[in-house]
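Heads up, the thing below is written out as structure tokens.
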Amino acid sequence: MANNKVSSEKTQKKKVGFVHKMMFGDENKPDVTPEQMHLSKWGMFKDLFFGRFGTMVALNMLVALFALPAVAVIVLVFWNKTLSGAMIPYSANIGFGYPVVTDAVAQGELTDFTYMLFEFLMLIPGIMFLSLGLSGNMYVMRKLIWGEPTSTIKDFFRGIKKSWLGALVIGLADGLTALLFVFTLKYFDVYGIAVQFKVLSIILSSVLVVFMSLFTAFFMTQNVAFKMRPGVLIRNSVLFILGTNVQAIFFVAVAIAPAFLAFIPNITPLFAILYFFLAFSFTSIVISLFTHHCYEKYLYDKIEGAEAVYSRRKTDIEELREDSQKKKTSPMQYKNPKKRKKSIDEGATITPLMPTFRREDLERLQREHEAVLNDGAEEEREDEEIESDEPLPNEQSPAEPNVGEAPKSAAEGENTENPELE
């Protein structure tokens, strides 16, 4: 009997393909218990990165689209440098052809320095555009970490819409930081300035690169998670860096670890494939989990007492409830009662649900239902106002006598008032 029961349970399991599992998960897994819902940050990383692998890949590909301008700049500058190196000889000849170049090394370094500055200067807009994609990715990660229902593509662009200004500003700051760093690497060699100044400038620029990496991590995750004034956002990011310096450096280094593969020779195709499918999502989820751990430790208990300064961003359901509450409490718009009423065809309509409806379809159905109810209530109020303004057909003014009847005299009036005198 036991064997038959086990075999029947196996036959009831639904067989799904690899692609279906990656996109929608394994439907044969048991339901999550309440104890399993309170996962640690490591457990949440495994659940999101491996359990929702298809979502991670989809988000990464969306961010990769925003990285295309920066990639185009790198490729074009590389081709130009290659062509320049093939056309300009930086060495002496053998007596014919090009003239003898006596300062070949200096010219080569100056040309390489010029191309590098031009490349990183052109990369600034590309980095700003890439920051928009990362903000959308981190917005979806925030919803996944908070346990909210998500729609990958829709929420990705909604996150960009909500946090685009902060993303552009931090992208500009990161682009300028990268430009300053490469400038200090080459400038002192090209113009022969003292070595001690070169070492000092490289140390300072390296510290700035590390600081901006940590600052960007806290800035972008706060920007998609909370409503803060710019000054509070900057102050909190600096305080988080000072409070979690070593720990923050470790986790940010782990988050950007795929970028270190670029220093390995002859690995460009593998590097490109990794970043197209997974690397951006890996960076985003590691940074989001670490920074949310910091928020739970230092920030969440102060939000209730500082609502005027910053507050947690509302969920989609809370925004819908707030909109409906505003509609109920807002004053009614004046409508002319003499205006022609709407016909049945002109009223609000309800879109029928498809067999494969989603949560967004239910929310739209609720909004359309509320619109139909509001239209019906407004028409009833208009009818009542019109009926109250028009007098009844048999109603007469108390100061006017009946038609065809003479007014009573004072004596008759007194007799009618005192019948005993008769």
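Owing to the predicted nature of the structure, the values given are computational and were not obtained by experimental measurement. All values below were derived from every heavy atom in this structure, side-chain atoms included, with hydrogens, water molecules and symmetry-related copies excluded.
Taking CD1 from Ile285 and CD1 from Ile287, the interatomic distance works out to 11.5 Å, rounded to the nearest 0.5 Å. Considering OG1 of Thr55 and CE of Met141, their distance stands at 9.0 Å, rounded to 0.5 Å. In this structure, CG on Leu123 lies 13.0 Å from CE on Met128, to the nearest 0.5 angstrom. Interatomic distance, CD1 of Ile160 versus CG of Leu134, reported as 9.5 Å (0.5 Å rounding). For the atom pair CD1 of Ile124 and CG of Leu176, the computed distance is 4.5 Å after rounding to the nearest 0.5 Å. Distance check, rounded to the nearest 0.5 Å: CZ of Phe113 to CG of Leu185 gives 10.0 Å.
Ring-plane geometry between Phe66 and Phe157 is classed as tilted, the angle between the planes lying from 30 to 60 degrees on a 0 to 90 degree scale. Between Trp42 and Phe45, the ring-plane angle classifies as parallel under the 30° and 60° cut-offs.
In terms of modelled atom types and a separation under 3.5 Å, the side chain of Asp47 and the main chain of Gly43 share no donor-acceptor contact. Remark: the backbone N or O of Ala279 is paired with a side-chain donor or acceptor of Asn60 at under 3.5 angstrom. No donor-acceptor distance shorter than 3.5 angstrom exists from the side chain of Lys41 to the backbone of Phe290, with no hydrogens or angles considered. In this structure a side-chain-to-backbone donor-acceptor pair under 3.5 Å is present from Ser135 to Leu132.
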Evaluate the criterion side chain to side chain contact (heavy atoms under 4.5 Å, CB included) for residue pair Val63 and Leu59; output intermediate values, then yes/no. CA-CA 6 Å; Val63 179; Leu59 285 173; 5.6 Å; no

Begin with the C-alpha distance, continue with both residues' side-chain angles, and end with the deciding distance and a verdict on side chain to side chain contact (heavy atoms under 4.5 Å, CB included) for Thr150 and Arg52. CA-CA 12 Å; Thr150 57; Arg52 305 196 62 166; 3.9 Å; yes

Under the criterion side chain to side chain contact (heavy atoms under 4.5 Å, CB included), I'd like the reasoning laid out for Asn223 against Met138: C-alpha separation, chi angles, the key distance, then a yes or no. CA-CA 10 Å; Asn223 191 35; Met138 288 185 173; over 6 Å; no

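The list of side chain to side chain donor-acceptor pair (under 3.5 Å) pairs with a residue in residues 197-212, not counting sequence neighbours, reads Thr184-Ser205, Asp189-Lys198.
At a cut-off of 3.5 Å, with distance as the only test, a side-chain donor of Ser284 or Asn137 sits close to an acceptor on the other residue.
Of the candidates Tyr295, Tyr139, Phe219, Phe218, Phe226 forms a ring-ring contact (aromatic ring centres under 6.0 Å, His included) with just one, namely Tyr295.
By the side chain to side chain contact (heavy atoms under 4.5 Å, CB included) test, Phe78 is found to be paired with Thr82, residues two or more places apart in sequence or in another chain being considered.
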